[in-house]
Amino acid sequence: MVRHSSRIELSQSSLKGNINFLRKKIGSDTRVSLVVKANAYGHGISAYVPMAEKCGIDHFSVASSHEAEMVLKVCKPETRIMIMGILYEEDLEWAINHGIEFYVYNLQRLESVCKLARNLDHKARIHLEVETGANRTGVAKKEFSKCLTMLKKCRDFIELEGLCTHFAGAETFANDFKIQKQFHRFKEYYASCKKRGVMPKMRHLASSAAALSFAKSRFEMVRIGVAQYGFWPSPDVYYHHLNETNKRSEKGLRRIFSWKTDVMDVRFVDEGEFIGYGTAYQALRNMKVAVLPLGYSNGYPRGLSNRGQVLIRGKKAPITGLINMNLFMVDITHIPGVEVGDEVVLIGRQGNNQIGVASFTQTTQLRNQEMMSRLPAAIPRVAVR
Ligand SMILES: *Cc1c(COP(=O)(O)O)cnc(C)c1O
């Protein structure tokens, strides 16, 4: 196979550290489901899932049946997969037959699952999602009683794995009034379940932010997304943690991925010449630049034109001119000895220097999750120590 223009390395030891940190924080009574939607937030499902399994994880959450299929291809037979979002009617049979867990978010879906599971003579593993205030997906309050009746009727064909909902904005503490209301409503649904004798095996509503800062919301399972990859969901959650633990800083969560490429060409530019398209960058002195073989089509944000930097030979090399579709140039006038083929760090550490995702996202206004999840699936991901 020929070489790709960049590569992503995933650190097994950083992942292990993150999982240990989260386990300790969350407690051993709560199951941890790792959210690996959006190609594991850009980390790459195929490489990432087996790494997480090595850390003892046995439950993964995804947004679609397509992603569930990707996890299924690489996971251990006993690992559980849960679809939180889209599962088309025509793929229900596939999900039930493969023991995939999935959200049921309205009454119609519950009816069709019940019918199908009976025909297949195979138990469907469902999580009943309830509407608590996000007004996104979830069974409405006035449909809930009918759902419970149906669940009772279909008891032999449906395994009620969970009762769940999603906090809309737990990472921002100013939303607390809303989060508390959602929490209260969720407990009411659970009380109805109890009253009617339809008991879910687990309750789950917390994503990273709530799992880290709202202990009461952890219940039997949490769905951890961004934190597993080494990012605090927000400054609110980070400072809450420092306050709670009486610490000045916390290194328990570390970035797992590094993104690298190599120098494609080294060239000299005379004073007064322009580098790349248009007049975005004019050389004000004789310069030496390195050409890099990737651009915005490879997930490198165009917003970093004339602003970002990369690491070459352990030194920072500022971007000169616009990020092109498949190329960009950096200033290496101050870095001696750069050669074609030298390693270039786009995100990660080299020597004593480091470029984090935050330095990307601050200049481009992208969220960490947005930047990472846009990294093309075609970039190869490799596990490293
Ligand atoms: C994405 C997602 C999560 C994980 O969110 P993080 O903030 O990344 O931890 C949890 N639950 C649902 C329903 C989601 O869509």
Side-chain angles (χ1 to χ4, degrees), residues 15 18-19 21-23 25-26 30-43 45 48-49 52 57 59-68 71 80-87 101-106 126-139 161-173 175 178-179 182-183 186 202-215 217-238 240-241 252-253 255-257 357 361 366-375:
L15 173 58
N18 294 349
I19 303 283
F21 173 82
L22 289 164
R23 279 242 172 80
K25 181 90 184 162
I26 289 160
T30 298
R31 190 171 191 174
V32 172
S33 177
L34 291 189
V35 180
V36 292
K37 65 189 180 195
N39 204 21
Y41 291 47
H43 291 63
I45 283 179
Y48 187 79
V49 165
I57 297 295
H59 199 282
F60 294 93
S61 300
V62 293
S64 68
S65 40
H66 178 70
E67 291 171 338
V71 177
R80 293 290 188 104
I81 304 167
M82 176 172 85
I83 303 171
M84 306 183 293
I86 183 69
L87 168 60
E101 302 173 11
F102 54 90
Y103 276 24
V104 167
Y105 45 84
N106 63 31
I126 72 153
H127 294 256
L128 190 60
E129 186 190 16
V130 290
E131 169 57 51
T132 55
N135 289 296
R136 201 166 78 160
T137 48
V139 172
E161 297 284 347
L163 180 75
C164 57
T165 190
H166 186 56
F167 283 136
E171 57 281 340
T172 306
F173 287 7
N175 293 332
K178 186 178 166 188
I179 298 307
Q182 286 193 270
F183 186 59
F186 182 74
M202 302 185 290
R203 289 164 288 177
H204 54 96
L205 64 170
S207 53
S208 301
L212 289 166
S213 61
F214 182 14
S217 73
R218 288 172 193 149
F219 292 122
E220 289 78 34
M221 186 164 88
V222 291
R223 308 183 302 260
I224 301 289
V226 72
Q228 71 183 294
Y229 306 107
F231 299 91
W232 287 88
S234 66
D236 286 3
V237 175
Y238 179 63
H240 176 270
H241 169 78
L253 291 179
R255 178 172 37 75
I256 294 168
F257 88 102
V357 175
T361 47
L366 291 167
R367 297 187 72 207
N368 288 341
Q369 291 93 316
E370 189 181 356
M371 190 266 143
M372 292 188 294
S373 65
R374 282 183 183 181
L375 292 169

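Remember, predicted model here, so these are calculated numbers, not experimental data. When a ligand or atom number is given, it counts from 1 through the structure's own listing order.
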- Message: Within ligand 1, which atoms have a heavy atom of M84 less than 4.0 Å away?
- Response: 11 (N), 12 (C), 13 (C), 14 (C), 15 (O)
- Message: List ligand 1 atoms under 4.0 Å from H166, heavy atoms only on the residue side.
- Response: 10 (C), 11 (N), 12 (C), 13 (C), 14 (C)
Closest non-hydrogen protein atom to [atom], residue and atom name please, with distance?
atom                    : result
atom 11 (N) of ligand 1 : R223 NE, 2.9 Å
atom 5 (O) of ligand 1  : S207 CB, 3.4 Å
atom 2 (C) of ligand 1  : K37 NZ, 2.6 Å
atom 8 (O) of ligand 1  : Y41 OH, 2.6 Å
atom 9 (O) of ligand 1  : S208 OG, 2.5 Å

- Is there a donor-acceptor pair under 3.5 Å between the side chain of E220 and the backbone N or O of R203? yes
- Short side-chain to backbone donor-acceptor contact, Q228 and I224, under 3.5 Å: yes
So that I know where these two stand, are [X] and [Y] an aromatic pair - ring centroids less than 6.0 Å apart?
X    : Y    : result
Y103 : H166 : no
Y41  : F231 : no
Y48  : Y229 : yes

- Item | Side-chain donor-acceptor contact under 3.5 Å, E129 with T137 | yes
- Verify whether one side chain among H204 and R31 offers a donor that lies under 3.5 Å from an acceptor in the other. no
- Message: With a cutoff of 4.0 Å, is R136 in contact with ligand 1, counting heavy atoms of the residue only?
- Response: yes
- What orientation do F183 and F167 show, parallel under 30°, tilted 30 to 60°, or perpendicular over 60°? tilted
- Query: Can you check whether V226 has an N/O within less than 3.5 Å of an N/O in ligand 1?
  - Reply: yes
- Item | Sub-3.5 Å N/O-N/O distance, G225 and ligand 1 | yes
- Give the contacting part of Q228 toward ligand 1: side chain, backbone, both or neither, where contact means a heavy-atom distance below 4.0 Å. neither
